[in-house]
Amino acid sequence: MNFSPGFVAFAAFASVFSGVLGDQLTVLRSPQYVTFREGQWPISGEKIPDLVALTMGFSVQEDLDWPGLASGSLFQRPRANALITVRGIGSMDLPSNTTSYPLENPVPFTLDSVANTIHTLFAESTPVVLQLAPSEERLYMMGMANTVFEDLPVTLQQIRARLSQEGSVLHSLPLHSLSRNSEADLLFLSEVQVLHDISALLLRHKHLAKDQAPDLFSLELAGLEEISRRYGNDSPQFQDATKILASVLQKFADDVYGVYGSNAVVEVVTVKTFEVPLTRKSRSILESKQISNPGSPYNLAYNYNFDYAVIFNIVLWLMIVLALAVIVISYNLWNMDPGYDSIIYRMTNQKIRMD
């Protein structure tokens, strides 16, 4: 089928325009050895954890068939990866030197698999793994692996007390239409305060970036979504909050990138709303009552280590090589002529002849 040039141009413009207005993945900072190609290649939301794992030099279960990330160096890996998920907006006015990609199928995701990989590979070290996500208390922190972040306020009540102290973002940010007495505004400002405190702690404790273990920061912000629900997208509160968050995210990316010596990757995922997949839970009539893991009362299987196949092959082929070596050595010893092959008997015979 032949299309007119005008229709082709309109289709191209529509695709680009939809990519701009839709959900996006934006790379704010990345080292030189982690290359993100320029292009409008869409990436699925469920593949974000695999993308983070690959940027940190880890292996994934399935190959990521996405041309946006080029093959990295085998001898260098980033010391940290910070992924900030912003709910309530499809795209933000970020600097023009950043690389953005359309985000399709924006389903909820977590970086628990990446965090488990870090804890497994670097169990003897103290990697920093911070995960911030909305909950019933609006904010909570889990997976803290370093005592530096123990006093970081994470609940809404704690951050409210932090906002009233000296040095809070209320005294440095241009609030304009935002109010200190609004619940939605306080939620947004509390998340901005958390970003400020995390970067301040990293700048104060730069020794955290000098160990061998990579660090992971997974931060999900829902304050902008609350402001959009309360005031609307065309309200001055939403516009002011968007500008504040864009500048705070850029500063946070610069601070993290500087603390880790230009060896950190900082991404921002902007999602208008998450698509919750519909699932149907069923129970098989053939379900066995036998518990596969006696230590678990919930019939949970044992934890599967993804290095199991590698370790199994190493042990298997090593045992085969050792068994063949034992067979060959035993055969040669059994058919050995002591008077001809053994140096002990040969030296003895020569000494007897000399006597």
Side-chain angles (χ1 to χ4, degrees), residues 27-35 49 51-59 72-85 110-133 139-155 158-159 161-163 165-169 171-172 190-221 247-268:
V27 182
L28 291 181
R29 287 288 190 174
S30 63
Q32 296 181 354
Y33 48 85
V34 179
T35 305
L51 176 64
V52 174
L54 290 176
T55 56
M56 301 186 71
F58 301 145
S59 59
S73 175
L74 297 176
F75 306 100
Q76 288 180 307
R77 71 169 64 193
R79 295 181 181 177
N81 189 298
L83 176 65
I84 302 98
T85 303
T110 62
L111 300 185
D112 293 341
S113 58
V114 184
N116 294 333
T117 302
I118 293 176
H119 284 297
T120 301
L121 298 179
F122 302 92
E124 298 180 356
S125 303
T126 57
V128 178
V129 179
L130 296 180
Q131 294 181 329
L132 176 69
L139 298 174
Y140 75 98
M141 190 75 67
M142 62 180 179
M144 290 182 295
N146 200 290
T147 56
V148 173
F149 298 92
E150 285 183 351
D151 297 331
L152 185 69
V154 291
T155 63
Q158 293 175 349
I159 300 178
R162 175 68 180 89
L163 290 175
Q165 299 175 0
E166 295 182 0
S168 66
V169 295
H171 301 86
S172 59
S190 65
E191 294 176 344
V192 173
Q193 183 66 53
V194 170
L195 290 176
H196 177 270
D197 291 342
I198 291 176
S199 60
L201 287 174
L202 289 175
L203 291 172
R204 192 183 310 164
H205 303 277
K206 294 184 178 181
H207 64 277
L208 298 176
K210 297 180 180 179
D211 57 356
Q212 298 297 326
D215 300 334
L216 179 66
F217 301 89
S218 177
L219 312 174
E220 183 178 340
L221 310 181
S247 61
V248 170
L249 288 177
Q250 185 61 43
K251 184 181 182 303
F252 179 80
D254 295 339
D255 293 341
V256 173
Y257 193 73
V259 168
Y260 288 91
S262 303
N263 290 311
V265 181
V266 182
E267 308 102 335
V268 174

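These numbers come from the heavy atoms of this one structure, side chains and all, not from hydrogens, waters or symmetry mates. Each residue takes its place number in the sequence, starting with 1. None of these values were measured; they are calculated from a predicted model.
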Problem set entry | Note, T117 side chain near M56 side chain (heavy atom, < 4.5 Å) | no

Exercise. Can you check whether F122 reaches D211 side chain to side chain, under 4.5 Å on heavy atoms?
Worked result: no

Exercise. Any side-chain donor paired with an acceptor under 3.5 Å for Q76 and N263?
Worked result: no

For this session: State whether the side chain of Q193 and the backbone N or O of V169 hold a donor-acceptor pair below 3.5 Å, judged by distance alone.
Result: yes

Problem set entry | L249 side chain reached by L195 side chain, heavy atoms, under 4.5 Å | yes

Exercise. Should L28 and Y257 count as side-chain neighbours, where that means a heavy-atom distance under 4.5 Å?
Worked result: no

Seminar exercise, completed: In short, D215 meets V128 closest at the heavy-atom pair OD1-N, 3.0 Å

For this session: Start with the C-alpha distance between I198 and L219, add both sets of side-chain angles, then the distance that settles side-chain contact (heavy atoms from CB on, under 4.5 Å), and finish with yes or no.
Result: CA-CA 11 Å; I198 291 176; L219 312 174; 4.1 Å; yes

Exercise. Taking side chain as C-beta onward, heavy atoms only, is V265 less than 4.5 Å from P31?
Worked result: yes

For this session: Please report the closest heavy-atom contact between P127 and P214, naming both atoms and the distance.
Result: CB-O, 3.5 Å

Exercise. What are the two closest non-hydrogen atoms of H196 and S199, and how far apart are they?
Worked result: O-OG, 2.9 Å

For this session: Would you name the heavy atoms of A115 and V129 that are closest together and state the gap between them?
Result: CB-CG1, 3.8 Å

Exercise. Can you check side-chain contact (heavy atoms from CB on, under 4.5 Å) on V266 and I84, steps first, answer last?
Worked result: CA-CA 8 Å; V266 182; I84 302 98; 4.0 Å; yes

Exercise. Under 4.5 Å between any side-chain heavy atoms of F217 and L132, yes or no?
Worked result: no

For this session: State, yes or no, whether a side-chain contact exists between D112 and Q131 at a heavy-atom distance under 4.5 Å.
Result: yes

Seminar exercise, completed: Taking every heavy atom of K210 against every heavy atom of K206, the minimum-distance pair comes out as CG-O, 3.8 Å

Problem set entry | Donor-acceptor pair, side chain of T85 and main chain of E220, under 3.5 angstrom | no

Exercise. Taking all non-hydrogen atoms of both residues, which atom of A209 and which atom of R79 are closest, and how far apart?
Worked result: O-NH1, 3.3 Å

Problem set entry | Gap between atom CG of L163 and atom NE2 of H171 - 0.5 Å precision | 9.5 Å

Exercise. Between N81 and L111, is any pair of side-chain heavy atoms under 4.5 Å apart?
Worked result: no

For this session: Show your working on side-chain contact (heavy atoms from CB on, under 4.5 Å) between L202 and D255 and close with a plain yes or no.
Result: CA-CA 8 Å; L202 289 175; D255 293 341; over 6 Å; no

